[in-house]
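Because the structure is a prediction, the values reported are computed rather than measured. Atoms considered below: every heavy atom in the structure, side chains included; atoms not considered: hydrogens, waters and symmetry mates.
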Amino acid sequence: MACPTIFYQLFFLLILLIFLLSFHVPSAFAAIESETNALLTWKATLDDQSQSFLSSWTAKTNSCNSWFGIHCDEAGSVTNISLRDTGLKGTLQSLSFSSFPNLLHLNVSNNSFHGNIPSQIGNLSRVNILDFSLNQISGSIPKEIGMLGSLTYIDLSNNPFTGTIPTSITNLTNLPVLYIHETEISGYIPQEIGLMKSLIQVDLSVNSLSGKIPTSMGNLTNLSELYFNGNQLSGSIPQEIGMMNSLTVLALSNNSLSGSIPTSIGNLTNLISLYLSDNQLSHPIPRQFGQLTQLSSIFLANNQFSGNLPSEMNNFTFLEVFIVYNNSFSGHLPEDICSGGLIKAFAITGNNFSGPIPRSFKNCTSLVRLRIEENQLTGNISEVFGVYPNLKYMDLSGNKIFGELLWKWEDFSSLLALKISKNNLSGFIPSAIGNAPLLQWLDLSMNRLVGTIPKELNKLKLLELSLQDNNISGEIPEEIGMLSDLETLSLAANNLSGAIPKQIEDCSKLLFLNLSKNSLTRSIPLEIGKLHSLESLDLSQNLLTGKIPPQLGELERLETLNLSRNMLSGSIPTSFDDLSGLTMVDISYNELEGPIPHIKPFQEASFEALRNNSDLCGENSRLKACASPAINNANRKKGSKANSLIIAPVVGVTVLIILFVGGFLVLRGRIKGRKFDLEKDEPNCGGTCAIWSNDKDLQYENIVNATNMFDSEYCIGTGGYGIVYKAVLPTNRVVAVKKLHQSQNGEMIDFKAFTSEITVLMNIRHRNIVKLYGFCSHAQHSFLVYEFIERGSLRNVLTHDEQAVELGWFKRINVIKGIANALAYMHHDCSPPIIHRDISSNNVLLDLDFEAHVSDFGTARHLMPDSSNWTSLAGTFGYTAPELAYTMAVNEKCDVYSFGVVTLEIIMGRHPGDFISSSSLSWPIDKHTLFGSVIDQRLPTPQNRASDALMHTIKLAFACLITNPQFRPTMREVSSQLN
């Protein structure tokens, strides 16, 4: 009887199982369908390109088998959404997190997602990997993150998050990896972080976190890597840091930490990398520091450390990087600091180290960068250093090193820069120095070197050659002209004699030329006038005779000129009137006569800069007025026949310009009256053309042919009233051509802008204003021809990360100076003054040297003193002054406001619209706020001079953005402050 009973029981269980499955299977299918619908709904909210990329996501296919980036478990439920590096653009708002109960991995890093993280993220109860890094997700980090108790990895870095770190995140007590670096979060690090005892890696670097380092960090005994660098943390480093004895990396650089290094640091015996640079730490390094024998990288630069280095550092046999510059360390360096032979970078610049250079340096063959300048170290240079096949940069300047340069120079096969100025070197400059194949920077100035300049230097590709303040004699070798890449040549304060070699003209990239305080004779070679990049020329205190060559007036970039204390005679060439970039001049103690040039540096020069000449006169309060124009002209003819050869073409060109402009105005009526026959008119322009350049290749036919009849292939930009083309002329000269938009009947759409740009630029000459070579008004093609500015617009440079990073802080400040100088010239040195009216990052062009050139004068206007200056609205949205919203009266303060916007854009790396609208623009403003979140985060945090210059520039920008135009500074004041 038992068997039937068991049978019935089994049958009952089978029926029950079938009954339960009849409910479960539809339920499972419903869950999978819910996940599919959730993904399709989210896909529909993404931009068109993203939807195209996710073309495999369709209702007709199985999400688990064929959908890109989707993985499922055996039951068909989504467990992994992996869409990193796919270029998706949209938000996470429409992704229903609650539809994915089995999701384990969610990775959407390196895309273009924006908006907030939805609070329903807390529904992903099983997720263990969450990666939202490298997007544009903003808002605060939701507190619901703390509900994801299964997380083993979370990365929210490289997003513009704001707000604070939610305290709830400390609930994740099983979390090993926490990355929230390079965001805009602020506030304190939660004290409860000590509860997260499973943490192995924490990276909260490059944010705006403030307050002290929590003492509870001592509880994180499993922590291997800690990155708090690049914040605003203050106070001292807590002693509890020494309890984290698993640490291999400790990064606290770029904060405001003070006090001393705690003695407990000696407990971190596993530490490999220590980053404490750029703080306010002080006192000597504790002796316990010597217990960190595993250290490979030490960064202590830019602090206030003092005292000796612990002698125990002789045991640091794994040391590869030692960076401690700009402190107040003293005493001797550990003799065996490079006993391990692994050091690659060693920088102790700007301390008070004394005594001998460590003997272990002799065999430190791994060195790549050695910087020990500005200390008091001693040693014989030929004995204390060895062979360094990997060495690229060596600076020993400002020490007490002696001896002769007897190295085997061919062993320095990688050396790029060698700087040994301000020491006690003696002997000759060895000719074998030409065997260092890659050497580009050579500075041996301020020593006791004798002999001549070796001709063998011509083997090198030098960018800098500084030999000033030695006892070098002989003539400057003609081979100097073979250094065609040279940018700096300083041979001042030696015993050089003979003539300046004419071959100097082949150093066409020279920026700075200083041959002062020698015994150079004969006349100034006219070939110096061919150094068109030259910014500073100093030939003072020599024995130069003859007249100043008029070719020096072609040095358009020249800023400082010193010809004092020579025996120069005759008049100052009239070509000097064209030195628009000149800011400082000294011609004292010569035999010059006649009128001074009609430019500010001469007119405002001090008595000391003009004194002791024969008979100078002109518009300077320290000189007598010139007798009369007739006498002046006679003097100039007497002074230089070459000058008369210049005057005639200048007058001729002026007459031609007047005739062209007159004909152009007549043509304006003709354009409106009839169409031109292109075939008949094209060879001779068929309209009005004016080219005020000596280049014969700037002809109408050449322009049209070089652009293939203005084919779009040659287009490099578009503007409000024209398209800009790049034209390579038959002589390989490159110019930019702006072709004006024309209507169907052949008329110019904006004739007024065309004439305005010609009228303004025809009379302007400034190094920071784009040059107009000429124009052509033709029935078929009307265009303007400019110099070609290689890098294009400032906006384009700031938009592309690689170029933006290359545009470092000092280069950015120089760009701002250039724009300010151009506007100051237009507002204050032109008569009548010129108002640009459309200063924006799109209308500032940058050349290969990142020099600024203001362009696009189609909306510019002369500011007439007897006019109300009312005009139509012009300018670019986001750059125009606020007063133009209620008045059309234009004055120079409109440009001042636009300049302020562009200045902030250069510093921030993006248009500052939100910053301006959300800020009161009052001063002072918190430096940490500016450097932590406002300035361009693609560049390293500015230090020292860069930091000071940046703060000063931002302050000026704020002044330019004052709502009331009467209280804004003038561009002359701004330019003066910047320079």
Side-chain angles (χ1 to χ4, degrees), residues 85 87 89 109-114 132-138 155-162 179-186 203-209 227-232 251 253-255 275 277-278 299 302 791-817 819 840-842 844-846 848-852 878 901-916 925-951 953-954 957:
D85 307 321
K89 186 174 184 179
S109 68
N110 198 17
N111 285 289
S112 297
F113 289 110
H114 55 277
F132 291 160
S133 62
L134 293 162
N135 279 285
Q136 297 157 23
I137 303 172
S138 56
D155 192 348
L156 306 178
S157 58
N158 293 98
N159 282 288
F161 288 117
T162 54
Y179 292 155
I180 316 179
H181 56 86
E182 295 179 73
T183 73
E184 298 177 14
I185 58 171
S186 56
D203 192 344
L204 304 180
S205 63
V206 194
N207 287 296
S208 297
L209 298 170
Y227 298 91
F228 282 173
N229 52 294
N231 282 285
Q232 300 165 27
S253 297
N254 293 96
N255 281 287
Y275 302 88
S277 296
D278 298 284
F299 291 83
N302 292 321
R791 293 186 185 271
S793 72
L794 169 63
R795 180 177 300 173
N796 180 65
V797 170
L798 292 175
T799 301
H800 292 83
D801 289 348
E802 184 174 341
Q803 291 194 64
V805 170
E806 190 178 354
L807 187 62
W809 291 126
F810 284 114
K811 289 180 181 177
R812 295 193 187 205
I813 291 171
N814 194 52
V815 168
I816 294 168
K817 286 182 183 178
I819 302 170
S840 70
S841 58
N842 222 25
V844 174
L845 307 180
L846 301 183
L848 288 177
D849 298 321
F850 291 102
E851 184 82 18
V901 178
V902 173
T903 297
L904 287 184
E905 183 172 359
I906 292 170
I907 292 171
M908 298 171 67
R910 62 187 187 279
H911 187 278
D914 293 339
F915 180 69
I916 293 176
I925 190 168
D926 182 55
K927 181 176 181 179
H928 291 299
T929 300
L930 283 173
F931 289 2
S933 59
V934 176
I935 67 172
D936 196 338
Q937 299 299 307
R938 292 172 293 185
L939 297 184
T941 303
Q943 304 294 332
N944 302 326
R945 286 196 308 119
S947 173
D948 295 339
L950 213 55
M951 291 297 291
T953 305
I954 294 171

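With sequence neighbours left out, the side chain to side chain contact (heavy atoms under 4.5 Å, CB included) criterion links N814 to K817, E851.
To the nearest 0.5 Å, the span separating OG on S253 from CZ on F299 amounts to 8.0 Å. Once rounded to the nearest 0.5 Å, the distance linking CD of E905 with OG of S841 reads 3.5 Å. Between F161 atom CZ and F132 atom CZ the span is 8.0 Å, to the nearest 0.5 Å. The CZ atom of R938 sits 12.5 Å away from atom CD of E182, with the distance rounded to the nearest 0.5 Å.
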Trace of the side-chain contact (heavy atoms from CB on, under 4.5 Å) decision for N842 with N796:
CA-CA 8 Å; N842 222 25; N796 180 65; over 6 Å; no
Run L950 and W809 through side-chain contact (heavy atoms from CB on, under 4.5 Å) and show every step you take.
CA-CA 8 Å; L950 213 55; W809 291 126; 3.8 Å; yes
Assess whether side-chain contact (heavy atoms from CB on, under 4.5 Å) is satisfied between I180 and D203, documenting all intermediate values.
CA-CA 6 Å; I180 316 179; D203 192 344; over 6 Å; no
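Of the possible donor and acceptor atoms, one in the side chain of R791 sits under 3.5 Å from a partner among the backbone N and O of L848. In this structure a side-chain-to-backbone donor-acceptor pair under 3.5 Å is missing from D278 to N302. Formation of a donor-acceptor pair under 3.5 Å by the N111 side chain with backbone atoms of S109 is found in this model.
Contact annotation: the side chain of T183 never approaches that of L156 to less than 4.5 Å [non-hydrogen atoms, C-beta and beyond]. Here the side chains of E802 and L807 are not in contact, with every heavy-atom distance at 4.5 Å or above. In this structure, the side chains of E184 and N207 stay at 4.5 Å or more apart for every pair of heavy atoms. In this structure the side chain of V206 never reaches within 4.5 angstrom of the side chain of H181, judged on heavy atoms. Side-chain contact check for D936 versus I906: every heavy-atom pair is 4.5 Å or farther apart.
In plain terms, the two heavy atoms of S205 and N231 that are nearest each other are CA-ND2, 3.9 Å.
Between D155 and S157, the side chains place a donor N or O and an acceptor N or O closer than 3.5 Å (distance only, hydrogens not considered).
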